[in-house]
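I have placed the structure first, in the form of C-alpha cells, so that the comments after it can refer back to it.
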Amino acid sequence: MQLLVLSLVLLALTALGYRLGRGRALAVIDCHPRHLHSLPSYHGYWVAMWCGLPALLVLAGWLMFEPSLLRALVMSALPAELAGLPDERLALVYNEVRNVARYGHSASSAAVADAARHYASLRQTIFAAAALAALSLAIAGLVYARSRIHRQLRTRNRVESAIRVFLIAASLVAIFTTIGIVLSLLFESLRFFQSVSVSEFLFGTSWSPQMAIRSDQVGSSGAFGAVPLFTGTLLIAGIALLVAVPLGLLSAVYMAEYAAPRFRAVVKPLLEILAGIPTVVYGFFAALTVAPFIRDAGTALGLTVASESALAAGLVMGIMIIPFVSSLADDVITAVPHSLREGSYGLGATKSETITLVVLPAALPGIVGGVLLAASRAIGETMIVVMAAGLAANLTANPLEAVTTVTTQIVTLLVGDQEFDSPKTLAAFALGLVLFTITLALNMVALSIVNRYREKYD
Amino acid sequence: MTDNSPTAAAAHRPSLDAAAHVRRRYAAERRFKAIGLGAIFLALGFLAILLWTIVSNGLSAFMQTYIRVDVRFDAESVAGEDYQGAIKSALYARFPAVESRGERRELAALLSSGADTALRRMLTADPSLVGTTKPVWLVASDDVDMAIKGHISRQPGASGNRLTDRQLGWLGELEAAGTVEKRFNTILLSSGDSREPELAGLWGAVVGSVFSLVITLIVSFPLGVATAVYLEEFAPKNRWTALIEVNINNLAAVPSVVFGLLGLAIFLNFLGMPRSAPLVGGLVLALICLPTIIIAGRAALKAVPPSIREAALGLGASRLQVVNDHVLPLAMPGIMTGTILGMAHALGETAPLLMIGMVAFIVDIPASPLDPSAVLPVQVYLWADSPERAFVERTSAAIMALLLFLGAMNLAAILLRKKFERRW
Amino acid sequence: MSHSPSLPAKVRARDINVHYGDKHALKHVDLDIHAHEVVALIGPSGCGKSTFLRCINRMNDQVDSARVTGLLTLDGDDIYDRAVDVVQLRARVGMVFQKPNPFPKSIFDNVAYGPRIHGMARDQAELDEIVMTSLERAGLLAEVRDRLDEPGTSLSGGQQQRLCIARAIAVSPELILMDEPCSALDPIATARVEELIDELRENFTIVIVTHSMQQAARVSQRTAFFHLGELVEVGDTEQIFTNPQHPLTQGYITGRFG
C-alpha cells in the first residue's frame, strides 16, 4: 500500500518533469522549435528520465535488499536464547517473527513477539529511508535536468541512448534466463551429488526416493538410480512418436500435395486445435477415458494391463504432438522445389510415386529434424505423464505396464511438503538437469538440421 | 538396365501387361491418397472424442441439485448461529419417523454440509425472518446430486455404498413431493475451491489466472517487444547477436517444467517471494512466453518492407523515430497476435506452476497477486486428482471454462490477423 | 553552362573510398556539386553511382559492413565529422528513392511527417501551410487537394513518386538526392517528374542517379560518369554527350556497353 502511494507520487513527479522540461525548452527558444537541437518533447522526456530513473533504481534496490537487510538486523538483535539455536531452527523462528509482524499471527513466545515488534519498526524505518531517498533524488534530478536545458542540448540523442540501453538490457533477459536455468540446476544438482554419486544416479536401476526423515523411522533408505526413469521416459516418448510421426507425416503429405485449398483452410486450423489444448486436459482425458479403455480392451483380449499403462500416456501424448509433426513436415514438404516434382511427373510418375520417391527423400533431413523436435517435446512433456503414467519406477519395455518418467518424478518430488535440503528434493534438480541437457541437445541438433535443409533449397 | 539389345527394348514397349501395371499404379495412388486422408480423419477423430468426452461429462456440472425444506428460523438457533441445527430440525420434521441417531445422521447427509450459508445470507438480507418458517431450497450433497443426475445408480444396494438404501428411499419421497430440483449451478461459477464437490467453485482459479496473466503480460510484452526491436532494428550482426538468437530459439523449446525449477530455485528460494502467489506464477509464465513473443515480434518487424525505413531515414528521422513512428505501428498487429497466442499458451500451462506451489488447496478468492491462489489448469489438475465422483463432472466443467477462454483468445488473434493482414 | 565555377561548391568530395566488407565499391572519387544545379550520375549497374549518392546523406551508415573514407563536405562542413548528427544532416539533404515508398499513412501525414520530427511548425496552421506549399511545389496539390486524408498508397505510381518528392521538400532541404526516381514509372509519369526536377532547380540543388542517358541529358546541367567504382569523367552534360573525353564514356553513351 505504502509502496503503491510512493510509486504514484514518483509517477506524478515524472509526469511533472516532462511538462516542466518541455515548457522550459519552449521558453528557451521563444516558441520556435526549429531553433532547438531536439524537439521540445525530447527535452521533456529527458527531464522526466532524470527525475524517474534514479528514484526507480533506489526502489529496485530497496525491493531487492530489504529482506536480507531486515533479516540481518533482526537476527543480530535476537535475545541469546533464540540466537543460540541451530540454523534450521533459527530459520523457522525468523519465519515466525515475520508472520507475526506482517500477517498478525500470534507469537509463540514473548521473545518472538518482541522480535516481531522490532521487525515491524525496522521495516518502517527502512521503508521511510528508501522513500525519502527516492523522493529527494527525483526532485534533485528534476531540478538539475531542467536547469541544464539550453538550445543546443542534444536531448534526443541522450533519450535515445537511454532507450537503447533499455532495449539491450531487455534482450539480455533471455540470456539471463538461460544462465539462471543452468546455474540453478547445476547448483542444486551439485548439492545432490554430494550425497548420491553421479554414477549411482545415472546408472543405478533402482529408484525409490523416499528417505527416512528421522533416523528411527522405518522405511526405505532411498535409492536414486534413475535408469528406470530414463527407460520409462523413452518408452512413453517412443509410443508417442510411433503415433504422431506416421499420422502427422501422412496428414502433412495429404495437406501439402492433395488437399483442395478449401479443405486445407478448414482442416488445418482444426488440427492446430490439438496443439492448443492444454496438456492438463490431455492428462485428464488419458486418465479418465483412454487408460480405462485400454485396460478393458486388454482384459477382453486376455492381457493384464496396468491401469496406468505406458500405452495410454504415450498414445495421448502422440495425439498431442500430431499437429507439431504435421506443421513442421508441411513446411518442409512445401519447401521442396517444384522443379523436382516436375522432373518426376515428366517421367510419367504418379503423384504418390513422386511423393514417396522424390519429395519425401528430398525432404528427409527436414523431416528428421522435425521428428527430433517432436521427440524433445515428448520427453519434456509433463502433465500427461503426471496424471496418466503413475509413479511406479518399473524397469520394463512392456507398454502395458506402468512406468514413470523423469518429468513425473520432478513434479512428485517437489509437490507437497518439502524440506529443501533433503536429497529427495534435490534429486528433482538433478533430473531437471538431465532433462534440460537432453532436450537442449536434441533441439540444437534438430535446429541445425532444419536450418541446413532450408539453406539448401532457399 | 544393362541389356541394350533391340529385343529387350521391344519387350518394354507398352502392352496389355503394361496396362495392368498402370492400373496397379493407379490403385496404389488411390490407396496412398486414402491413407493420407485417413490419417487426417483419425487425428480429427481423436479431437472429436476428446471434446465429446469433456463436454458430455462436464455439461451436467452446470446444474446442481437443490432440496426444498421448510426451515424454522427460531430465535435460539439464529442467536447461536446454529443454522446447521435449524436445517437438521427441518429435516427431522419432514421425516418424523426417523429417530435413531444413525438414521438421523444419514438423513442430514442428504444436504450439503455447506447448506447453512444460504440461511445465513437470507437472514443477513432480511433480519425480520427470525421466528418465521420459510420453504428454502438448499444445496444437496454431492452423492445426492450424482444420484439425481444418474451418475450413480439408484437401485437399492447398487449405489456403491455412496448412498444407503434408506437415503435413496427418502430421496425418492422428496422427489415425489416435488421438493427436489436441478438449478443452474451458481456455486461452480462464483466460489472458491472446497473439499466438498457441491461447494467447490472455479472463481478463485479464474481470478488467480487473471492475476497471473496480467503479470505475465506486463512483464513479457515490453521485454519481448524491446528484444525483438533490438535484434531486428538495432543489433549489429555479430557473434553476440547470434548467441542471443540461438539462445532464444533454444529457450522456446526448453520443457516448461524446467522453467518451474528455475522459478522454485530463483524466485522462491533465492529471492524469497511468496509461494503459491500469482505474482511468481506470472513471472515464470512470462519467461516461458518471452521467446514466443520475441519470435512473433521479429517476424512481424521483418515483414515491414525496408523501403519504409529508408523513406523515414531519408527524411532525417532517427532510427528510434523510424521504429516508433513507422515500423512498430505497422508490425503491431502481428506482435499482438503473437502475444495473444503466447498468453493463451501461458493460460493452459500447468507443470511449472506446480513447482512453485500453486497446487495448494486454497478456498479464498485471491484479492491481490500476492495472495496464494490456484489457476484454472491447476484447478483442473487438483479436481482430476480428487476421488469423489462429483469432481469428474466439475473437472470437465473447469476444462470447458478453460477451453472457452482459450478459444476466445485464439479467436481474437485470428480476427486481429484477418483485420490487419497486409500484403506488401 | 549554368553553374559559375567561382562560387564555392555546395558539396565537395575528395578522395572518397567506400568498402563493403572486402569489396572496394568506390575508388578515389573527387567531385564538386554546385548550388542550384542538377548533376546526373550515370554509369552501368554496380558502378558505384548509388553508393556515392548514399554517401552524401550517410545512408551507408545503415549498412553494417560499409566503411567510408575521404573528405566529403556540405557547405564546408565535414559530413563524416563525429560531431555531425546524421538526423540533422538528412534534414539538409533530402532523398527520393528508386521505388515510390510513401508511408502507409494519409497523404497529409506523409508530407507532414518530416516537418513534425524536425519541429518546423509552431502550430497546426503552420504545418498545414508547409504541407500545402510542398504539395504545390511537387505539382501534386491539384490532384490531391480533396483527398488529403486518403492513404498515400492509394495514389498511382507517378503520383506516389511526386508525393515522395513533396515529402522530401517539406523539410526544406538544401540538396535533394534522387536515386533513379523514374525507373518504376511509365513514360508519362516520368515526363511529369522530369519537368518537376527542372522546376525544383530554382530552389534546390539536385543530384540524380539515372540509368537513362536521355533523362540525364534532359534534366541535368552536369553529368558524371562512373565505371567500376571510379569516376571516369565529369563535365557539362552537353559536352559529355557530344564530346566525351574518355574512351569509356564514349563507349557507354554510344551504347557499346552498359
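Of the residues considered (B:Thr395, B:Val225, B:Val378, B:Ile356), B:Thr395 shows the highest number of contacts with chain A, using heavy-atom pairs under 4.5 Å. Ranked by heavy-atom pairs under 4.5 Å with chain B, the first of A:Phe285, A:Phe166, A:Phe263 is A:Phe285. Options A:Ile168, A:Leu271, A:Thr279 differ in how many heavy-atom pairs under 4.5 Å they form with chain B, and the most are formed by A:Ile168. Heavy-atom pairs under 4.5 Å with chain A were tallied for B:Leu251, B:Val380, B:Ile248; the largest tally goes to B:Leu251. If you tally non-hydrogen atom pairs under 4.5 Å between each of A:Ile379, A:Leu440, A:Thr350 and chain B, the highest count goes to A:Thr350. Ranking A:Thr407, A:Val253, A:Ile410, A:Ile322 against chain B, the residue ahead of the rest is A:Ile410, based on heavy-atom pairs under 4.5 Å. Ranking B:Leu347, B:Ile294, B:Leu271, B:Leu262 against chain A, the residue ahead of the rest is B:Leu262, based on heavy-atom pairs under 4.5 Å. For chain B, the option among A:Ala170, A:Gly380, A:Pro323 with the highest count of heavy-atom pairs below 4.5 Å is A:Ala170.
Proximity to chain A is absent for every atom of B:Glu349, based on heavy atoms less than 4.5 angstrom apart. For B:Ser396, the parts sitting under 4.5 Å from any heavy atom of chain A are the backbone and the side chain alike. Both the backbone and the side chain of B:Val392 come within contact range of chain A, judged by heavy atoms closer than 4.5 Å. Looking at A:Ser326, there are no atoms closer than 4.5 Å to chain B (heavy atoms on both sides), in backbone or side chain. For B:Ala253, the parts lying under 4.5 angstrom from a heavy atom of chain A are both the backbone and the side chain. With a 4.5 Å cut-off on non-hydrogen atoms, B:Leu354 touches chain A through its backbone and its side chain both. For chain A, the nearby part of B:Leu402 is the side chain; its heavy atoms alone come within less than 4.5 Å. Proximity to chain A (any heavy atom under 4.5 Å) is shown, for B:Ile244, by both the backbone and the side chain. A:Ile319 touches chain B through its side chain: at least one heavy atom from C-beta onward sits under 4.5 Å away, while N, CA, C and O do not. For B:Leu290, the part lying under 4.5 angstrom from a heavy atom of chain A is the side chain only. Looking at B:Leu37, the atoms closer than 4.5 Å to chain A (heavy atoms on both sides) sit in the backbone and in the side chain alike.
Remark: B:Ile399 CD1 to B:Leu404 CG distance equals 13.5 Å, nearest 0.5 Å.
Looking only at distances, no side-chain donor or acceptor of B:Asn324 sits under 3.5 Å from a matching main-chain atom of B:Leu320. For B:Arg298 (side chain) and B:Ala228 (main-chain N/O), no donor-acceptor pair under 3.5 Å exists by modelled atom type. Between the side chain of B:Ser276 and the backbone N or O of B:Gly357 there is at least one donor-acceptor pair closer than 3.5 Å. Although no hydrogens or angles enter the test, the distance criterion places no donor-acceptor pair under 3.5 Å between the side chain of B:Asp385 and the main chain of B:Tyr381. At distances below 3.5 Å, not a single donor-acceptor pair connects side-chain atoms of B:Asn410 with backbone N or O atoms of B:Gly407.
With contacts defined as side-chain heavy-atom distances shorter than 4.5 Å, the pair A:Glu257/B:Lys33 does not qualify.
Aromatic ring orientation, B:Tyr230 versus B:Phe234: parallel (interplanar angle below 30°, classes split at 30° and 60°).
No close placement of the B:Phe32 and A:Tyr254 rings is indicated, their centers lying 6.0 Å or farther apart.
Side-chain contact of A:Ser327 with A:Glu272: a donor-acceptor pair under 3.5 Å is absent, judged by distance alone. Between the side chains of A:Asn451 and A:Ser448, not a single donor N or O lies within less than 3.5 Å of an accepting N or O.
With salt bridges taken as basic N to acidic carboxylate O contacts below 4.0 Å, none links B:Arg319 and B:Glu233.
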